Amino acid sequence: MGDKPPGFRGSRDWIGCVEASLCLAHFGGPQGRLCHVPRGVGLHGELERLYSHFAGGGGPVMVGGDADARSKALLGVCVGSGTEAYVLVLDPHYWGTPKSPSELQAAGWVGWQEVSAAFDPNSFYNLCLTSLSSQQQQRTLD
């Protein structure tokens with residue numbers, strides 16, 4: 001795409017959520033809307049946005065941070081009574097033949113995590129909320 005130095009192609013260097021959003025746009029994939037959260041403790045303030053995203057048919061949310069460099073994908077949100085909140089987290093590093101959901105969960109590749117445990121309170125996070133454009137949705141329906 002021209003945004004990286006020539007040695008990047010073919011390397012094992014990682015990209016972040018901002019670059020993933022650019023790739024989605026460049027290659028005609030789902031739309032990626034970026035949301036920056038300055039500190040992990042602020043993710044509680046984004047739960048309503050995340051809930052609306054998923055309730056409205058939005059796709060996985062890619063997550064990257066600085067102090068917390070463990071990339072993750074969010075697949076859902078569950079907000080309980082009081083301050084209880086959980087996110088369904090997928091580790092995007094899984095590869096290979098898909099296993100059953102119970103095997104993936106038992107191995108730690110996917111599972112519900114309390115928001116305060118899933119995110120470092122002092123790390124910033126970039127969220128890339130994916131969704132199909134209206135044109136892509138129409139093609140899916142056709």
Side-chain angles (χ1 to χ4, degrees), residues 1-5 8-142:
M1 292 180 3
D3 68 318
K4 298 286 182 207
F8 185 81
R9 177 177 248 169
S11 74
R12 295 198 174 262
D13 290 344
W14 293 91
I15 64 170
C17 286
V18 173
E19 292 92 350
S21 178
L22 292 171
C23 286
L24 290 173
H26 182 80
F27 294 110
Q31 294 177 334
R33 192 174 75 238
L34 291 172
C35 172
H36 178 72
V37 181
R39 295 187 60 220
V41 295
L43 274 155
H44 278 281
E46 298 298 327
L47 293 176
E48 189 173 317
R49 179 194 309 232
L50 289 169
Y51 182 84
S52 294
H53 169 76
F54 291 120
V61 175
M62 293 174 271
V63 179
D66 65 342
D68 175 3
R70 297 171 295 152
S71 57
K72 48 184 93 48
L74 304 183
L75 303 177
V77 175
C78 178
V79 180
S81 59
T83 60
E84 217 172 78
Y86 296 86
V87 286
L88 182 57
V89 178
L90 168 75
D91 184 338
H93 300 100
Y94 178 81
W95 64 275
T97 304
K99 299 180 180 200
S100 73
S102 58
E103 287 179 297
L104 291 171
Q105 188 174 4
W109 291 107
V110 66
W112 288 99
Q113 296 180 22
E114 193 168 5
V115 170
S116 58
F119 298 97
D120 181 330
N122 298 309
S123 179
F124 79 71
Y125 289 94
N126 287 317
L127 311 178
C128 180
L129 291 80
T130 62
S131 60
L132 295 177
S133 69
S134 56
Q135 186 178 39
Q136 290 169 320
Q137 288 174 353
Q138 186 59 45
R139 281 193 304 237
T140 302
L141 295 172
D142 290 342

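What you are looking at is a predicted structure, and each value in this text was computed from that prediction instead of being measured. For the single chain, residues carry numbers from 1 onward in sequence order.
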Leu88/Leu74 under side chain to side chain contact (heavy atoms under 4.5 Å, CB included): CA gap, chis, key distance, verdict: CA-CA 6 Å; Leu88 182 57; Leu74 304 183; over 6 Å; no

Side chain to side chain contact (heavy atoms under 4.5 Å, CB included) evaluation trace for Met62 with Ser71: CA-CA 8 Å; Met62 293 174 271; Ser71 57; over 6 Å; no

Side chain to side chain contact (heavy atoms under 4.5 Å, CB included) assessment of Asn122 paired with Arg39: CA-CA 5 Å; Asn122 298 309; Arg39 295 187 60 220; 2.8 Å; yes

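With contacts defined as side-chain heavy-atom distances shorter than 4.5 Å, the pair Leu127/Leu43 qualifies. No side-chain heavy atom of Gln105 sits less than 4.5 Å from a side-chain heavy atom of Ser100. At a threshold of 4.5 Å between non-hydrogen side-chain atoms, the residues Cys35 and Asn126 do not count as touching. Within the 4.5 Å cutoff, the side chain of His36 has heavy atoms near those of the Phe124 side chain. Between Phe119 and Val37, every side-chain heavy-atom pair lies at or beyond the 4.5 Å cut-off.
With rounding to the nearest 0.5 angstrom, the OG atom of Ser52 is 11.0 Å from the CD atom of Glu46. If you take CG on Leu90 and CG on Leu104, they are separated by 8.5 Å, rounding to the nearest 0.5 Å.
Applying the ring-ring contact (aromatic ring centres under 6.0 Å, His included) criterion to Tyr94, with sequence neighbours excluded, gives Trp109.
Minimum heavy-atom separation, Gly58 to Ser131: CA-CB, 4.4 Å. When all heavy atoms are compared, the tightest approach of Ser116 to His44 is N-NE2, 4.4 Å. Closest approach of Gly59 and His53 over heavy atoms only: O-NE2, 2.8 Å.
A donor-acceptor pair under 3.5 Å is absent between the side-chain atoms of Tyr125 and the main chain of Gly42, judged by distance alone. When atom types are taken as modelled, the side chain of Thr130 and the backbone of Val61 share no donor-acceptor pair closer than 3.5 angstrom. A donor-acceptor pair under 3.5 Å is formed between the side chain of Ser123 and the backbone N or O of Ala67.
Around OH of Tyr51, the count of heavy atoms belonging to other residues, nucleotides or ligands within 6.0 Å does not exceed 12. Heavy atoms of other residues, nucleotides or ligands lying less than 6.0 angstrom from CD of Glu114 number more than 12.
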Check residues 14-27 and write down every donor-acceptor pair under 3.5 Å in which the side-chain atom is one partner and the other belongs to a residue at least two apart or another chain.
residue, atom, partner, partner atom, Å
Glu19, OE1, Gly16, N, 2.8
Glu19, OE2, Lys4, NZ, 3.0
Ser21, OG, Gly32, O, 3.1

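Within the structure, the salt bridge (charged side-chain N to carboxylate O under 4.0 Å, His left out) test picks out the following pairs touching residues 65-75 (sequence neighbours left out): Asp68-Arg70, Asp68-Lys72.
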